[in-house]
Amino acid sequence: MIVVTAPTGNIGGRVVQELLDAGAAVRVVVRDPARLAPGVDERVEVVRGSHADPAVVAAAFAGADAVFWLVPANPRAETVDVAYSGFAGPAIEAFTAQGVGRVVGVSALGRGTPVAGHAGHVTATLAMDDLIAATGVPYRALTMPSFMDNTRRQVGAIMAQGVLYGPSSPDLPTPAVATRDVAAVAARLLRDDTWTGFAEVPVLGPADLTYDQMAAIISEVLGRPVRYQQVPGEAYKANLMKAGMSEPMAQSMLDMALAKDHGLDKGCYPYTGIQHADHVPPVVHTGTRAGPPRLTARTGRRRRVGTADLAWERR
């Protein structure tokens, strides 16, 4: 039995589908089963509630061979540590109490870089990873750069103003990844019962791009001019708070963005952490990169996408 948390999100929903397509037995933890993809509730076991609830995770993790772990966004949290380690506390206890076989979680790049200790959301995520690994449960932390899919949040500004906004430097090449590829890697690891220990598995897209290059690709796809505009840090934070984010979480987002500008996402080597991993998986690239061959989650040419997708891909 494989348990999936956050099964209605961009990553969790795809993990569920990947597992069902592979014939796996799936149990989901969900507040509102009506939000599951059509037909999914008929094919999975449902444990209703929050995966921050001790009683819910005790029931959901009982007899689990594997758990997919993802902390949902909490933009109004009182601190970023409460949002991550605080939320995860009951599940971390349940991993051992319920004898979970292995855990695959969504994490972030940056461990070992000079800025990892003051990188907002990433710092908190890595601290949560350490707590999970310290239990002794076999754990693979999928370490991510920024998500390509996040560009969709700016469809309105892109279409109305021809502008892609962000706090990052316009000319700094950075990695990115699509959530569909994260899900594919997660599903493979969840079904694989041969690994033990703790290791990070960086999952990267096929190319590092600057934000200016991203805007140029969007321009090519749309057939209209689109440019990138860097937003000053304090204005970026103020906009997040105006949208309803708490001050500590907005500051954490700004800290993460500043850290990415100073090399946070360049720390992409597998990390064996608190306990030795019997075998450390390679970096997972989701396309073709220059250099030696690497394990890939998905092959083939990068595809041209439609206006509705606005991903950073072209032929």
Side-chain angles (χ1 to χ4, degrees), residues 1-7 9 11-12 15-16 18-19 22 24-30 44-45 47 49-72 81-112 122-144 182-203 270-282 284:
M1 177 63 69
I2 299 176
V3 179
V4 178
T5 64
I11 299 176
V15 170
V16 170
E18 291 265 356
L19 292 172
V26 178
R27 180 185 298 151
V28 301
V29 184
V30 62
V44 301
E45 290 186 18
V47 175
S50 166
H51 50 296
D53 185 320
V56 170
V57 292
F61 296 172
D65 299 301
V67 170
F68 173 71
W69 177 253
L70 191 154
V71 173
D81 287 323
V82 168
Y84 284 90
S85 293
F87 183 95
I92 290 171
E93 293 184 7
F95 291 150
T96 52
Q98 300 300 324
V100 171
R102 57 194 177 277
V103 177
V104 176
V106 172
S107 184
L109 293 173
R111 188 184 293 276
V122 171
T123 304
T125 300
L126 297 179
M128 179 189 69
D129 287 344
D130 289 342
L131 293 175
I132 295 173
T135 67
V137 64
Y139 181 43
R140 289 293 180 267
L142 305 184
T143 51
M144 307 297 140
V182 178
V185 175
R188 175 176 59 79
L189 287 169
L190 288 164
R191 291 186 289 110
D192 180 1
D193 63 2
T194 64
W195 54 269
T196 61
F198 169 38
E200 291 186 342
V201 183
V203 185
Y271 172 75
T272 57
I274 294 171
Q275 57 180 335
H276 177 69
D278 289 350
H279 64 276
V280 179
V284 178

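Fair warning: this is a prediction, and the values are worked out from it, not measured in the lab.
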Quiz prompt | More than 12 heavy atoms from other groups under 6.0 Å of CD on Gln98 | solution = yes

What heavy-atom pair brings [X] and [Y] nearest, and what distance separates the two atoms?
| X | Y | result |
| --- | --- | --- |
| Arg102 | Leu189 | NE-O, 3.8 Å |
| Ala24 | Ile2 | CB-CD1, 4.2 Å |
| Ile132 | Val137 | O-CG1, 3.7 Å |
| Met1 | Val26 | SD-C, 3.6 Å |
| Pro138 | Trp195 | C-CZ3, 3.5 Å |
| Ala124 | Asp81 | CB-OD1, 3.8 Å |

Would you check if the side chain of [X] reaches a backbone N or O of [Y] as a donor-acceptor pair within less than 3.5 Å?
| X | Y | result |
| --- | --- | --- |
| Arg27 | Ala60 | yes |
| Thr125 | Ser107 | no |
| Arg140 | Thr196 | yes |

Quiz item: Which distance, rounded to the nearest 0.5 Å, do you find between the CG of Asp130 and the CZ of Phe198?
Solution: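 Between atom CG of Asp130 and atom CZ of Phe198 there are 6.0 Å.
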
Quiz prompt | side chain to side chain contact (heavy atoms under 4.5 Å, CB included) evaluation trace for Val15 with Leu190 | solution = CA-CA 9 Å; Val15 170; Leu190 288 164; 3.8 Å; yes

Self-check item: Full working for side chain to side chain contact (heavy atoms under 4.5 Å, CB included) between Trp69 and His51
Solution: CA-CA 9 Å; Trp69 177 253; His51 50 296; 3.3 Å; yes

Determine whether [X] and [Y] make a side-chain contact, defined as any pair of heavy atoms from C-beta on separated by less than 4.5 Å.
| X | Y | answer |
| --- | --- | --- |
| Val29 | Val56 | yes |
| Phe68 | Ile11 | yes |
| Thr135 | Val103 | no |
| Glu200 | Leu126 | yes |
| Arg111 | Thr143 | no |
| Arg188 | Val104 | no |
| Val28 | Val16 | yes |

Quiz item: Going through the distances and angles, do Val100 and Val3 end up as a side chain to side chain contact (heavy atoms under 4.5 Å, CB included)?
Solution: CA-CA 10 Å; Val100 171; Val3 179; over 6 Å; no

